[in-house]
Amino acid sequence: MGEYNKGILLGNLTRDPDLRYTPTGTPVCEFPLAVHHRYRLNDEVKEEVCFIDIVAFGKVGEHSKNFLHKGAQVLVDGRLSQRRWDTPEGKPRSKYEIVANTVQFLSKMTPKPAEADKSADD
């Protein structure tokens, strides 16, 4: 049987995206997403919030950094990935995140002020 790994999330950024570059120059953008789930329990509406880290590479990452901000609503399509590392004390740690294939901006897209100034000079 084949394998299938797909995650589609609709949520809001809980902080501004962070952009960095790998040693080979590939852009990597990371941002946390809050995804809400509402359900009814005994005639009472309950809400759960799940916080998921998103990682976007290349142009998707650059565009995410340039156009997204805290509170922006996005639709992310990607795959679930587990990142593993050891603490300085040697303890193993891991976390799950979504590696984005696409990030659809659902809030109004306007470049951040620094980006708008830069594009005006070109």
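Side chains are part of it too, since the values below use all heavy atoms of this structure and drop only hydrogens, waters and symmetry mates.
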Less than 4.5 Å apart, side chain to side chain, heavy atoms only: is that true for [X] and [Y]?
{"X": "L106", "Y": "L75", "result": "yes"}
{"X": "L10", "Y": "Q73", "result": "yes"}
{"X": "L80", "Y": "I98", "result": "yes"}
{"X": "L68", "Y": "V74", "result": "yes"}
{"X": "R79", "Y": "S81", "result": "yes"}
{"X": "I8", "Y": "V76", "result": "no"}
{"X": "D77", "Y": "Q104", "result": "no"}

Worksheet item: Taking N12 for the side chain and G71 for the main chain, is one N or O donor matched with an acceptor at less than 3.5 Å?
Response: yes
Discussion item. Keeping K65 on the side-chain end and L19 on the backbone end, is there a donor-acceptor pair under 3.5 Å?
Written reply: no
Discussion item. I need the minimum non-hydrogen distance between K70 and T14, along with the two atoms involved.
Written reply: CE-O, 3.4 Å
Discussion item. Looking at every heavy atom in both P17 and S64, which two are closest together, and how far apart are they?
Written reply: CG-O, 3.6 Å
In a table with atom names and distances, give each donor-acceptor pair under 3.5 Å that connects a side chain of residues 26-41 to protein atoms at least two apart or in another chain.
{"unit_1": "E30", "atom_1": "OE1", "unit_2": "R83", "atom_2": "NH2", "d": "3.3"}
{"unit_1": "E30", "atom_1": "OE2", "unit_2": "R20", "atom_2": "NE", "d": "3.3"}
{"unit_1": "E30", "atom_1": "OE2", "unit_2": "R20", "atom_2": "NH2", "d": "2.9"}
{"unit_1": "H36", "atom_1": "ND1", "unit_2": "E47", "atom_2": "OE2", "d": "2.6"}
{"unit_1": "R38", "atom_1": "NH2", "unit_2": "E47", "atom_2": "OE2", "d": "3.3"}

Worksheet item: Does a donor on one side chain sit under 3.5 Å from an acceptor on the other, for S94 and Q82?
Response: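 Short answer, yes.
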Fill in: Cluster overlap V55 with V103, hydrophobic side-chain contacts below 4.5 Å
no
Discussion item. Would a single hydrophobic cluster contain both F105 and I52, if residues Ile, Leu, Val, Met, Phe, Trp and Tyr are joined by side-chain heavy-atom contacts under 4.5 Å?
Written reply: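 The answer is yes; both residues are in one hydrophobic cluster.
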NZ/NE/NH1/NH2 to OD/OE distance under 4.0 Å, [X] and [Y]:
{"X": "R93", "Y": "D86", "result": "no"}
{"X": "K59", "Y": "E62", "result": "yes"}
{"X": "E44", "Y": "K46", "result": "yes"}

Worksheet item: F51: which other cluster members, linking ILVMFWY side chains closer than 4.5 Å, directly or transitively?
Response: V49
Item to complete: Please name all residues satisfying salt bridge (Lys or Arg N to Asp or Glu O under 4.0 Å) with D18, sequence neighbours left out, ordered by chain then number.
Response: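 With neighbours one apart ignored, the set is empty.
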Discussion item. If I take atom NE2 from residue H63 and atom OG1 from residue T102, how far apart are they, to the nearest 0.5 angstrom?
Written reply: 12.5 Å
